[in-house]
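Naming convention: chains lettered A, B, ... in sequence-line order (proteins, then strands); numbering from 1 in each chain.
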Amino acid sequence: MEYNFREIEKKWQQHWQQTQAYKVSNTSHKPKFYVLDMFPYPSGAGLHVGHPLGYIASDIFARYKRLKGFNVLHPMGYDAFGLPAEQYALEHGVHPSVSTEQNINNFRKQLDNIGFSYDWSREVITSEPAYYKWTQWIFLQLFKSFYNRTLNKAQSIDVLVNDFVQNGNINHPIPDENFVIPETGKNQFSAAEWAQFSDHTRELILLEYRLAFCGYGEVNWCEALGTVLANDEVVNGVSERGGHPVVKKKLRQWYLRITEYADRLLEGLETVDFSDAMKDMQSNWIGKSTGAEVQFAIEGSSRSITVYTTRPDTIFGVDFIVLAPEHEWLPEIVTNAQNDAVIQYIDYVKSRSERERIAEKKISGVFTGSYALHPFTGKKIPIWISEYVLAGYGTGAIMAVPSGDERDHRFAKHFNIPITNIFGEAYTGEEAVTTKEAVLHNSDFLTGLNVNAAANAVIERLLAKGRGKKKTNFKIRDAAFSRQRYWGEPFPIQWKNDIPYPLSEAQLPLKLPYVESYKPGPEGDGPLANIEAWTENNYETNTMPGYAGSSWYFLRFMDPHNTQAFCSQQASAYWNQVDIYIGGTEHAVGHLLYSRMWTKFLFDRGWIGHDEPFKKLVNQGMIQGSSRFVYRIHGTNTFVSHGLKDKYTTNTLHVDVNIVDGVELDITLFKTWKNAEFADAQFILENGKYICGTEVEKMSKSKFNTINPDQLVEKYGADTFRMYEMFLGPIEQSKPWDTKGIEGVHRFLKKLWRLFYGESGLIVTDDEPTADEWKALHKTIKKVEEDTERFSFNTAVSAFMVCVNELTDMQCHKKAILQPLLILLTPFAPHLAEELWKALGNAGSILDAPYPAFDEKYLIESSKSYPVSINGKLRTTMLLPLNATQTEVEAEVLKNEVVQKWMEDKPLKKFIFVKGKMINLVI
RNA sequence: GCGGAUGUGGCGAAAUUGGUAGACGCACUAGACUUAGGAUCUAGCGCCGCGAGGCAUGGGGGUUCGAGUCCCUCCAUCCGCACCA
């Protein structure tokens, strides 16, 4: 009987669906385990072989944990709101809800092919009102909360208002130090003042505290996409999606006050099991630094400039001060003589795109004409402006120490500003001294001190003089939370007199209205601004960004049909953290950071009991495409083989990898490819073949290098496909896809099948296994279990292959061996395992069979083979009785001919036993 | 520039704590069975050497009886951040 995988897989997939085999309950006597994939955005391109890599790994692990006796939550859903669906709608006139549904159906069909054990009864789709009702609800809670810096947690805004009524804002200063209350011109108020404020003023003040708030700010505006983007959605000055130019623009936007959580997001990293690379990426993004703020008086002015520095110890090396070109006091500082030059420079800076700035890194700047005074020496310090100082970080002003900072050094050299040396001989005049080991010279009361001691001393003196203080800074900015788009969650917000007011919970969900046109509204507003019924109600016309729905979906899976809450307390208490979260590294600073923040917020407010969403994160590597190229001689229809192309002027074209065998082009298929666009093509061959060029690139439709899993499943079966994806290599590693080796895995499954079935039918016996057969089995149990636990699926698959090879050699068809092996194999090849389990006459499903227990006793051997090395180099191998004592073994070894030959007459210095199984002689 | 990772046969890769480097698979070679095979099976397969043996884990150095693994140093590739004071 043949291994008919198509029939088998179809049969069991149907069976599992009918019996709801993967449905999981929120009540169980078993311990829980939560295995989660990063849910996909259902794009129109469908799945390629890269997508299922992580899904297969998580499915194997989920099935393994289930066999091990856990109640396993393993859900799947769709992150369905987002830009591409809307772009598609603009181009093709298809409503996003329609194309999204189509794409989801397509994804589902493709996923089902592979035999995943998802509990589809828990499916969530972020674009459905039943789901986004709760996204809106959580947003409302963020809006109605503030961050209590004393308690270091979020609380209801009512708590804050009560405190204002009693104490004014003395306990809770306004986070933005520059904010001034219009009625008083101050940023502090008493209880009495609070009582006097108008509602309008009160709301304006509260907006300064809310964790979701609306404000004007510099945003990343992408004209092509017609929307703003979060910092993590902008890469190298262009949009992550589409690569369109991005400019800075001042707009009214919604923000999440993620900066309040910066410290906790950093500390939380110590409690989770993420890779170092991932933790580093996150902590770099958060970008905590400690240093000091120092005030420099301006000569001839009552003002002083505050700078931020991480190296207060170098204060005696300050040779100039640099302000960001956008610095707000610039007009007061610039002298008449320098006014034109400064205006010119600011125009120049404005003319430069983000991209140019990043690419060129030119040294540029201009003197303002004013001088600051050194807080200790009173020395006159020129004040410059330059684009290398960023308005958005620190105070937008720095004290430049050329001898201690490379950028300041280059700037000083470029503009011939005299450099003060505070590092003695360590500073050569060529390069700044940036090591923290340096000892200070020429620095008044700091001379002779090291970095730390000096920094503390400086801060102490500054404090005493009232000219500075210790200060912590973060790179992370509050997250832009609005998009001028249609296909996203509407904000549950109504505007009155320029103040946003929350809808009541009873009004949720605020449903996304149907629109005919997705064109942007006026003044950079979203398409919703074109709908009268919407604007009549003064609803917010922006929608939430893509990451809103994905910031909490892992909680919804716990209790997906709850209409009273986003997730019941019992459900979140039971499932708690996601035990294993699998996905790509591309979400390191976006999704993962936002999810962590939302979780901490929901924890603070008492709705869930844990404050880190993901206990362990596994990053699967990207599967790249291996592209193939053909070379058309310029202006002709003749294609020249790769090896000969340099003799001609050619254009390089991507060619579909599916019509290339290795690197050899199938010319017949090529002529029919793309509706026979190249039917009349001529070829210049080498050795009778057309050889293609190759390159490893991202897998994408436009590069014709995608491999569709459906075709592979059709040809080899889901079980082969699953095992092959795992066999490719370590899960975290990126690698180009190569279909070649799949035959080997398929052969393995056929070989396994033949252990059960001969030509005439089932050949499994009830005979008692031999010692070698037991050993083959238990070796595999041990290896597969260990490998699964450490997510090393490629080596686990290899272990199966070794086992089946050995059993085949021994012609072992014994149930006592084969049945446990099947259970081991279930997570990897569930269809085949279930089929053979039934064939062996077992009742019930193999999905719930008990995982076989490893027993050491089967691995113990009767005699031992000792590798014998001399001075660490293997010389011979000796078979010695197991029960021999060390002394007896030593005597035997010394009698050995090979050993004697190598020892000759040299004296034996040492006799080393390694782990009782290896011998080394030192001579 | 900073941070992280990786480097082992023709290829994908193993080697979990320093202990027989190259398991397993692909490709390749020879053979068997076949009308045939892109089916199956057997054997071989790091390099040099007839052999004994020697040399091999990016290069160089070190620690050790023994190093792919630990330390120093240099090189290459990939990823992330990028004027963050």
Task: Residue among A/Y724, A/F800, A/Y64 satisfying ring pair (Phe, Tyr, Trp, His ring centres under 6.0 Å) with A/F828 - done: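 So, applying the ring pair (Phe, Tyr, Trp, His ring centres under 6.0 Å) to A/F828 and each of A/Y724, A/F800, A/Y64, only A/F800 qualifies.
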Which whole-number value in Å describes the distance from [X] [atom1] to [N] [atom2]?
{"X": "A/K715", "N": "B/A39", "atom1": "NZ", "atom2": "P", "value": "11 Å"}
{"X": "A/I476", "N": "B/C81", "atom1": "CD1", "atom2": "P", "value": "14 Å"}
{"X": "A/H327", "N": "B/A85", "atom1": "NE2", "atom2": "C1'", "value": "13 Å"}
{"X": "A/K783", "N": "B/U16", "atom1": "NZ", "atom2": "P", "value": "8 Å"}
{"X": "A/Q624", "N": "B/C78", "atom1": "CD", "atom2": "C1'", "value": "9 Å"}
{"X": "A/N284", "N": "B/G1", "atom1": "CG", "atom2": "C1'", "value": "14 Å"}
{"X": "A/M723", "N": "B/C24", "atom1": "CE", "atom2": "C1'", "value": "12 Å"}
{"X": "A/M278", "N": "B/G80", "atom1": "CE", "atom2": "C1'", "value": "10 Å"}

Strand partner of [N], provided both Watson-Crick or wobble distances fall under 3.5 Å:
{"N": "B/U6", "answer": "B/A76"}
{"N": "B/C81", "answer": "B/G1"}
{"N": "B/C41", "answer": "B/G31"}
{"N": "B/C24", "answer": "B/G12"}

Over all strands shown, is [X] touching base, sugar-phosphate only, or nothing at heavy-atom distances under 4.0 angstrom?
{"X": "A/K475", "answer": "base"}
{"X": "A/S289", "answer": "sugar-phosphate"}
{"X": "A/K288", "answer": "nothing"}
{"X": "A/V389", "answer": "base"}
{"X": "A/D738", "answer": "nothing"}
{"X": "A/K909", "answer": "nothing"}
{"X": "A/E406", "answer": "nothing"}
{"X": "A/R477", "answer": "nothing"}
{"X": "A/L728", "answer": "sugar-phosphate"}

TODO: Salt-bridge test for A/R311 and A/D313: reply yes if a basic N is under 4.0 Å from a carboxylate O, no otherwise.
DONE: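 Judged by the 4.0 Å cut-off on N to carboxylate O distance, A/R311 and A/D313 do form a salt bridge.
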Task: Side-chain ion pair, A/E806 and A/K779, N-O less than 4.0 Å - done: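 Looking at A/E806 and A/K779, the cut-off is met.
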TODO: Would you please indicate if the ring centroids of A/Y427 and A/H409 are separated by under 6.0 Å?
DONE: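 For A/Y427 and A/H409, the ring centres are under 6.0 Å apart.
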TODO: On the 0 to 90° scale, with breaks at 30° and 60°, tag the A/F415-A/F411 ring pair as parallel, tilted or perpendicular.
DONE: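 Rings of A/F415 and A/F411: tilted, as their planes differ by 30° to 60°.
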Taking only side-chain nitrogens and oxygens of [X], does any of them come within less than 4.0 Å of OP1 or OP2 of [N]?
{"X": "A/N794", "N": "B/A14", "value": "yes"}
{"X": "A/R747", "N": "B/U40", "value": "yes"}
{"X": "A/K873", "N": "B/C55", "value": "yes"}
{"X": "A/Q733", "N": "B/A13", "value": "yes"}
{"X": "A/N805", "N": "B/A23", "value": "no"}
{"X": "A/R875", "N": "B/G66", "value": "no"}
{"X": "A/Y393", "N": "B/A85", "value": "yes"}

Open item on the list: Checking understanding here: a glycosidic angle within 90° of 0 is syn, the rest anti, so what is B/G9?
Closed with: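 Classified syn.
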Open item on the list: On RNA chain B, does the nearest nucleotide to A/S792 precede the nearest nucleotide to A/Y724 from the 5' side, or the other way round? Give the residue.
Closed with: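 Of the two residues, A/S792 wins.
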Task: 5'-most by nearest nucleotide on RNA chain B - A/G729 or A/A799 - done: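 So the residue in question is A/G729.
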- [ ] In sequence, state the C-alpha distance, the side-chain angles, and the governing distance for A/Y866 and A/T877, and then conclude on side-chain hydrogen bond (donor to acceptor under 3.5 Å, both in side chains).
- [x] CA-CA 6 Å; A/Y866 289 89; A/T877 309; over 6 Å; no
Open item on the list: Test your reading of the model: is there a side-chain donor-acceptor pair from A/R875 to the backbone of A/V899, 3.5 Å cut-off?
Closed with: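 Looks like no, no N/O pair under 3.5 Å.
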- [ ] In whole angstrom, give me the gap between the C1' atoms of B/C81 and B/C65.
- [x]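 Taking atom C1' in both B/C81 and B/C65, they lie 46 Å apart.
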TODO: With the side chain of A/K750 defined as its heavy atoms from C-beta on, choose the nearest nucleotide among B/U40, B/C65, B/C41.
DONE: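 Nearest to the side chain of A/K750 among the choices is B/U40.
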